[in-house]
Amino acid sequence: MNKEQQLPAAVSRNELQAMYQDIVQLVGSAKASSVAQCRVVGLGAKPCGGPQSYLVYSAEQGNETELLARVARYNQLVQQHNQQLGLISDCAVVPKPGVVLVEGVCQAGPPGDLM
C-alpha cells in the first residue's frame, strides 16, 4: 500500500461507542409538535455499503446541523474501521423507516415506500 492509499490511524471500538452515545444523547427524547419535524438519518456503515441502522430525531429539538455533522463523522469512521479490519457483512439492505409522531415523540414507522 503506498502513502496515498493508506488510511488514517485506526479508530477503536471504544471511541466509536463513545461517539454513538454522544449522538444518542444529542437526539435526546426526539420530541416534536408535528410529524413534519421528525427526520431519519442513516447511522453507521455496513462493510458492503449502506447504513447499519437508522436514527429518528426531531428537527425541532436541538441543533440539527451539529447532529448531522456528528453522524457524518461517525459514519465515516465506522466505514474506515470496517476497511481497516477487513470486515464483511451479510450485505442485506436495511430499509429506511418512515416516521410517526406518537404522543409528541418522533418514532420509526413503516418504511416510507409502503405508505
Problem set entry | Pairs touching residues 67-89 that satisfy salt bridge (charged side-chain N to carboxylate O under 4.0 Å, His left out), sequence neighbours left out | E66-R70
Problem set entry | With Q21 via side-chain contact (heavy atoms from CB on, under 4.5 Å) - residues at least two apart | Q17
Seminar exercise, completed: Connected to L87, directly or through other members, by ILVMFWY side-chain contacts below 4.5 Å are L85
Seminar exercise, completed: With sequence neighbours left out, the residues meeting side chain to side chain donor-acceptor pair (under 3.5 Å) with Q107 are none
Under 3.5 Å, side-chain donor or acceptor atoms of residues 25-35 against the rest of the protein: list the pairs with distances, not counting sequence neighbours.
{"residue": "S29", "atom": "OG", "partner": "Q61", "partner atom": "NE2", "Å": "3.3"}
{"residue": "S33", "atom": "OG", "partner": "E60", "partner atom": "OE1", "Å": "2.7"}
{"residue": "S34", "atom": "OG", "partner": "A36", "partner atom": "N", "Å": "3.4"}

Exercise. Quick one: do V78 and V24 end up in the same hydrophobic cluster if we chain Ile, Leu, Val, Met, Phe, Trp and Tyr together by side-chain heavy atoms under 4.5 Å apart?
Worked result: yes
For this session: Report the distance from atom CG of L68 to atom OH of Y57, rounding to the nearest 0.5 Å.
Result: 4.0 Å
For this session: Would you kindly confirm whether V99 and V105 end up in one hydrophobic cluster when ILVMFWY residues are joined by side chain heavy atoms under 4.5 Å apart?
Result: no
For this session: Apply side chain to side chain donor-acceptor pair (under 3.5 Å) to T65 and list each qualifying residue two or more places apart in sequence or on a separate chain.
Result: none
Return all side-chain donor-acceptor pairs below 3.5 angstrom for residues 41-52, not counting sequence neighbours, or 'none' if the list is empty.
{"residue": "K46", "atom": "NZ", "partner": "D90", "partner atom": "OD1", "Å": "2.8"}
{"residue": "K46", "atom": "NZ", "partner": "A92", "partner atom": "O", "Å": "2.8"}

For this session: Give every residue pair that meets the salt bridge (charged side-chain N to carboxylate O under 4.0 Å, His left out) criterion with at least one member in residues 11-22, sequence neighbours excluded.
Result: none
For this session: Take atom OH of Y54 as the centre, draw a 6.0 Å sphere, and report whether it contains more than 12 heavy atoms from other residues, nucleotides or ligands.
Result: yes
For this session: Could you list the residues that satisfy side-chain contact (heavy atoms from CB on, under 4.5 Å) with A108, not counting sequence neighbours?
Result: V56, P97
For this session: Quick one: which residue pairs count as a salt bridge (charged side-chain N to carboxylate O under 4.0 Å, His left out) with a foot in residues 47-58, not counting sequence neighbours?
Result: none
